[in-house]
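Here's the structure, in structure tokens; my notes come after.
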Amino acid sequence: MTRSMVRAVVEEFEDISTYEASSGFEALKILPEFPLDLIITDINMPDINGLELISFVRSDARYKKIPLLIISTEKSDEDKKRGLAMGANAYLTKPFTPEDLSRAVGELLNL
Amino acid sequence: MSSKYVEFVAEAEEIIDEASASLLEVQDMLPSADPSLINGIFRAMHTLKGMAGLFGFQGLSDISHSLENILDLIRLGKAEMTMEGASFIFGCFDLIRSVVADIRDAKDPDSDALAAKLVEIESFVETIKGGGAGDSDIVFSEQYSAILNVLSEYEEHRLKANIKEGKVIYLLSVTFSLEDFDVLLKDLADKIKLLGELISTMPTSDGVPAGQIGFQLITASDRSAAELQESLACGVVVLMETAAKAAPVAPAVQRDAMMEAEHTLKSSSTSIRVDISKVDSILDTIGDLSLSKQAVFNIWNSFREEYGNTPLVIDLYRVSQAMQRRFSLLQSQVLEIRMVPIGQVFSRLNQVVKRYAVKAGKNIKLEFFGDETEIDKSVAEEVVDPLMHTVRNAIDHGIEPEDERVSAGKSPEGSLEFRAFQRGNNVVISVNDDGRGIDPVRIRDSAVKKGLLSEDDEVDRKEVLSLMFRPGFSTAETVSETSGRGVGLDVVKEKMASLGASIEVNSEPGVGTGFVFTLPITLAIIRALIVRVSTEIFAISLTSMSETFVVEKADIQELDDRFVCDLRGEMLPLVDLRELLQLEPESMDRYFVVVVGHGNRRMGLLLDEFIGQQEVVIKPLGPYFDGLRGFAGASEIGRYKVVLVLDAETIINESLSLTVS
């Protein structure tokens, strides 16, 4: 749902292909498959929560350096702080406009 | 309804059904509560909110959002789930259901009702806030900060709640291959659920070989580490223990979980959801093909007659036979797709019955047997309502109030038993209660009063009970105020008849009452007997008959204005179909008889000739013929040959009413 919106915004950038995961588990499967330049994730996921995914990504040499953007409804500062402390690069709180997203993505990809 | 909403409606209904089932379980278990159930309902509301928002149903999305907030408070221990709370939420589910139904019927959802409900929810939230156990009194030492850092608020709350209950917190470690870890992890999670609570799943690639992924599972349990290790076959380490100083997290012990049990991939998503109309069109095509195969058979027959058994003719025969076999197989495979376990119907009944019993102030124990018995999806859909009416009657009039039961020497709890099993081509569903039973004398008196019976009519017990099903018959015995609109048992009977099903009732005053419904397993393609009555040809479904035989005119006797004959020592009432269908009367030397009905409604239908047996697809007659009784529909039985399909149930009803009055 939000995923399709995100996908639409990201694909507006040239030369970008996106891979969608419908759950944290799927993300774990996708990670080793392709060389990634950006990860966009939610915090609230049923199987493994976003923070766990970030921790996993940041503790693995293969993915350590990939820019990571968190998208979430969690307005609590706590999660935001934690996410950033664990190594996420940026945080967007829903509801956000496609422009907000586009700007954040552009910055993280240096475009 | 536009096709884009079909998916939405189907999914929304499924979500609400599941959430209701979970809520019912929660309600049953109060005051203790299973956190995974609460969490499940929370997630359901979250999903519904998103879906509704996506499709533009803002009102629905808002309600789901509010409910999501309530469930969040409860699951985080900031509020408590109570009976009133559960009832309130059920009420909200009802509203959601009716909104979804409106969407399905392309009507505008009732935005006033939605807005009103939202306000109700707001004030309700205020009443439950602060009711929860809370866990701010637990503080963790520094060494756990790494782990605590990745836990969500909910997971942290669950951790604290378990510690408060004195459970030990373990760290389980497993390694799976990247291909199927999700399935294997789910299996493991299911096993863990039996031994404790899985609080969090943390992926790790530390020291894990390529192509695999490791997980550390924070689990709370009151079992010993050894026991967990044995049952779950993974590395087990104690993470936290109350009272004692917890040991620091030891390096994970890796086990290759692939060597574990033979897991089939038959879990989670190996099923697809298919709209039932797609299955029906496949069946239609098969039905049409079946006519072709019949045609081929006829051609072979003609060739054989004209040319004898030449090698080519023999080949044609073999091919035609093979085709017949394969089509039958294809057909039964497709029919299989439409089959669903009757447990689906039972669980819906379970929900409604429990709430109804509470409303009626009766304490009732429900038991279900034969959940796995399979039945056609459309039959399952149609049978819920009549079953519900029957049950409501049982609750209202069958089961006595507690004090009456106790003085009658019964247990204070009334019992309602549902059984389902397959018998030949039918599925039998029985509903039994141990209530006060039906008093045949009262029924008889009421029937006399209503002019359905005359004072000196002699009717035996079985016939008296069948009077309850007559239209217009309703004593306080059969009408439930709480079921509203005074729906009588005649509606139940008609609905069942329209499904090609029969009802039988047994009762013993003081002991209880039982209803037995005999339903055809499937409505789609049926085997039918093609018969001739006078100059007309009809089809009768094989599932509605138990046997056929031939009777000589001399063996038919007259008994009390009825014709009967002897069938293995019992008198079988006979019905002359020529008379019933108002065809040319003719006296014959012998008749072919088809025995239909069960128990006290069994009778033999007299006809001229059996023509053959065939598979037919019953098509409805259409609105033009609305109100035409006695026929289940029409079928094509040969090239451009259409016959009417006789409906055994209404024929039985017609003849019974003719004889009783």
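Each chain gets a letter, A, B and so on, in the order its sequence line appears, and its residues count up from 1.
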Would you check if B/I213 and A/F56 make a side-chain contact, meaning some heavy-atom pair closer than 4.5 Å?
yes
Atom CD1 in A/I48, atom CD in B/E155: separation rounded to 0.5 Å?
10.0 Å
Using heavy-atom distances under 4.5 Å, tell me whether B/E179 contacts chain A through its side chain, its backbone, both, or neither.
backbone
Are the side chain of B/N149 and the backbone of A/R82 linked by a donor-acceptor contact shorter than 3.5 Å?
no
Contacting region of B/L198 [heavy-atom separation from chain A under 4.5 Å]:
neither
Residue from A/K29, A/R62, A/M86 scoring the most non-hydrogen pairs under 4.5 Å with chain B is A/K29
Please state whether the side chain, the backbone, both or neither of B/L151 comes within less than 4.5 Å of a heavy atom of chain A.
both
So for B/F215, is it side chain, backbone, both, or neither that comes closer than 4.5 Å to the heavy atoms of chain A?
side chain
Minimum heavy-atom distance between B/L178 and A/L28, given as atom pair plus value:
CD2-O, 3.6 Å
Specify the closest pair of heavy atoms between A/N49 and B/S152, including all atoms of both residues, with the distance to one decimal.
ND2-N, 3.4 Å
